[in-house]
J.: 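My questions will all concern the structure given below.
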Amino acid sequence: MSDLTTLLEVGGPVAALGGGAAYARAKHPAVYWSTVGLPVSTVRLLSSYGSVMEACGLTVAPSRLRVLAMKTMTQREVRPVPPRRGIIRPTLTGLKLRLRLAPGQEPADIAASAERLRHAWGVHSAYVTTVKPGVVELRLVGYDVLQRVRMPRKAVGGFLKVPVALREDATPFVRDYRTIPHQLTLGATLSGKSMYLRHLIAGLTRQPVALVGIDCKRGVELAPFAPRLSALATEPDEAAELLPTLVKEMEDRYDLIRARQGIAPSTPDEEITSDIWGLPEDERPVPVVLFVDEVAELFLVATKKDEERRDEMVTQLIRLAQLGRAAGMYLEVCGQRFGAELGKGATMLRAQLTGRVCHRVNDEASAKMALGDIAPEAVHAACSIAPERPGLAVAGDTSGGWSRVRTPYLSLGNAAETCQESAHLVPDLAALKPFRPDVPVRPVEAAAPVLLPHPVTD
């Protein structure tokens with residue numbers, strides 16, 4: 001009887017501890033990783049590193065000098081040599097360690113065994129990046145960081161850089177307009193495309209940038225950000241007037257660059273430039289970011305007159321995509337579908353959009369439109385996005401690299417409030433003043449009633 005009582009006294013706290021760990025793992029994975037997962041995975045890695053590397057085929061035969069030293073000094077068996085391991089560095093989401101490759105190995109060998117390594121050490125995923133020749137960094141992620149997105153504290157942007165989402169390897173996905181000037185973002189209804197666009201605008205509002213919008217859905221997506229927009233077109237007819245104005249602005253900037261290039265032959269080489277970033281700061285025009293929401297609305301036609309207008313708008317967009325980067329003008333094109341069936345010029349425009357972000361789509365053809373020409377293997381990843389995970393997307397560029405990303409939640413009210421607070425930063429561009437959206441005046445909150453003193457009476 002006493003043994004049973006003792007067992008119950010000991011088993012109660014153990015069961016509670018196990019239940020608490022299971023609850024933390026399901027509801028608070030970051031807490032579970034810091035308290036349980038990190039120590040367990042570290043012990044597994046340290047105790048089984050050599051055997052796991054050998055089982056994965058990541059070991060090489062030892063050098064003759066090593067074999068001779070082992071036979072001379074000890075009687076132990078000479079075993080294959082794994083990559084030399086560096087110091088294990090814990091993070092809030094996993095582990096990081098550097099590996100010095102053994103002779104004859106390449107980073108692709110480690111990357112090919114990433115799936116085996118994550119199972120052997122009990123982590124959610126493993127990623128390999130090259131640090132320098134002969135050295136790679138192995139990043140082990142302890143849990144699914146895309147389930148509940150929390151941007152890293154160090155996810156600080158910069159000028160024309162916006163940390164807009166979180167990658168599956170727990171690093172921030174930064175939209176850098178200086179590196180990738182133009183981007184295509186696709187996604188079906190309720191896929192998170194609007195949330196992605198909302199983060200971009202909110203991240204650019206406090207920067208010295210002119211924001212221009214084309215939203216042919218009567219402005220329902222971009223109108224809340226009107227206080228910070230330099231121009232907004234809400235119908236195809238307005239877009240047909242705005243796009244030539246942007247092209248004229250681009251041509252004027254090229255004239256400014258050419259004037260700078262045509263200076264005296266004695267001018268130092270560092271003062272000769274081929275884009276606006278080489279101009280003196282007091283002469284440099286402000287960058288312009290053009291957001292096009294539901295780009296298919298610009299391609300749809302019903303009459304012969306609409307077809308002529310469509311051809312003109314597509315031509316202007318293609319010119320901006322081809323020549324806008326040097327003039328500091330960038331495109332952010334969004335839509336549900338984008339391909340040759342939209343009409344003449346669609347494929348040519350898509351070829352100029354270096355960055356690609358594909359949210360959940362309704363068919364495989366839409367994913368191929370976004371990613372098929374740059375990373376065919378990413379098409380399957382885009383088609384497997386579940387409707388229950390809005391904001392999840394596959395991001396890639398024309399270099400062929402791609403990764404899964406997810407945008408954190410940002411309410412429309414908070415984003416609009418950010419634009420309202422930054423309304424004074426709207427740059428003064430004379431060409432865009434006719435297209436400046438009307439900003440409704442906020443109603444003044446009713447003040448509290450003033451309590452007057454009662455007169456003193458006898």
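Numbering starts at 1 and runs along the sequence shown.
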J.: Do other residues, nucleotides or ligands put more than 12 heavy atoms under 6.0 Å from Arg84 CZ?
T.: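 Result for CZ/Arg84: open.
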J.: For the residue pair Ile201 and Thr205, establish whether any side-chain heavy-atom pair is separated by less than 4.5 Å.
T.: yes
J.: Would you check if Glu332 and Leu200 make a side-chain contact, meaning some heavy-atom pair closer than 4.5 Å?
T.: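 Yes, their side chains come closer than 4.5 Å.
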J.: Give a yes or no on whether the backbone of Arg44 and the side-chain of Ser47 come within a donor-acceptor separation of less than 3.5 Å.
T.: yes
J.: Looking at CZ of Arg310 and CZ of Phe299, how far apart are the two atoms once the value is rounded to the nearest 0.5 Å?
T.: 7.5 Å
J.: Any carboxylate oxygen within less than 4.0 angstrom of a Lys/Arg side-chain nitrogen, looking at Arg319 and Glu251?
T.: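 Yes.
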J.: How about Ser230 and Leu211: do any of their side-chain heavy atoms sit closer than 4.5 Å?
T.: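 A side-chain contact is absent here, since even the closest heavy-atom pair is not under 4.5 Å.
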J.: So, Arg167 versus Ser403: side-chain donor-acceptor pair below 3.5 Å or not?
T.: yes
J.: Under 4.0 Å between a side-chain nitrogen and a carboxylate oxygen: does that hold for Arg228 and Glu421?
T.: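 Looking at Glu421 together with Arg228, the answer is no, because their closest N to O distance does not fall below 4.0 Å.
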J.: Does Arg175 qualify as a cation-pi partner of Tyr177, given the criterion of NZ or CZ under 6.0 Å from the six-membered ring centre and within 45 degrees of its axis?
T.: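 Positive - Arg175 is close enough to the ring of Tyr177 and near enough to its axis.
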J.: Flag the pair Gln316 / Leu246 as yes when at least one side-chain heavy-atom distance between them is below 4.5 Å, and no otherwise.
T.: no
J.: Would you mind reporting whether Arg100 and Pro83 have side-chain heavy atoms less than 4.5 Å apart?
T.: no
J.: Does a side chain donor of either Thr234 or Glu238 reach within less than 3.5 Å of an acceptor in the other side chain?
T.: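 There is such a pair between these side chains.
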J.: Taking the cut-offs as 6.0 angstrom to the six-membered ring centre and 45 degrees off its axis, would you call Arg85 and Tyr49 a cation-pi pair?
T.: yes
J.: Shortest non-hydrogen contact from Cys334 to Leu197?
T.: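 Closest pair (atom of Cys334, atom of Leu197, distance): SG-CD1, 4.1 Å.
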J.: Is the cationic atom of Arg116 (NZ for Lys, CZ for Arg) positioned less than 6.0 Å from the six-membered ring centroid of Trp121 and within 45 degrees of its normal?
T.: no
J.: Does a donor on one side chain sit under 3.5 Å from an acceptor on the other, for Arg337 and Ser366?
T.: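 The criterion, which ignores hydrogens and geometry beyond distance, is satisfied for Ser366 and Arg337.
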J.: For Asp428 and Lys433: C-alpha separation, side-chain torsions, deciding distance, then whether salt bridge (charged side-chain N to carboxylate O under 4.0 Å, His left out) applies.
T.: CA-CA 8 Å; Asp428 184 15; Lys433 284 185 177 180; 3.3 Å; yes
J.: Surrounding CG of Leu46 (heavy atoms of other residues, nucleotides or ligands, distance under 6.0 Å), is the total greater than 12?
T.: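 Atom CG in Leu46 is crowded, with more than 12 foreign heavy atoms closer than 6.0 Å.
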J.: Supply the atom-to-atom distance Thr315 OG1 to Met348 CE, rounded to the nearest 0.5 angstrom.
T.: 8.5 Å
J.: Between the side chains of Glu221 and Ser194, does any donor sit under 3.5 Å from an acceptor?
T.: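 Short answer, yes.
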J.: Would you say that more than 12 heavy atoms from the other residues, nucleotides or ligands in this model lie under 6.0 Å from the CZ of Arg350, or not?
T.: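 Yes, the 6.0 Å shell around CZ holds more than 12 heavy atoms from other groups.
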J.: Would you call Asp144 and Arg406 a salt bridge, taking side-chain N to carboxylate O under 4.0 Å as the test?
T.: no
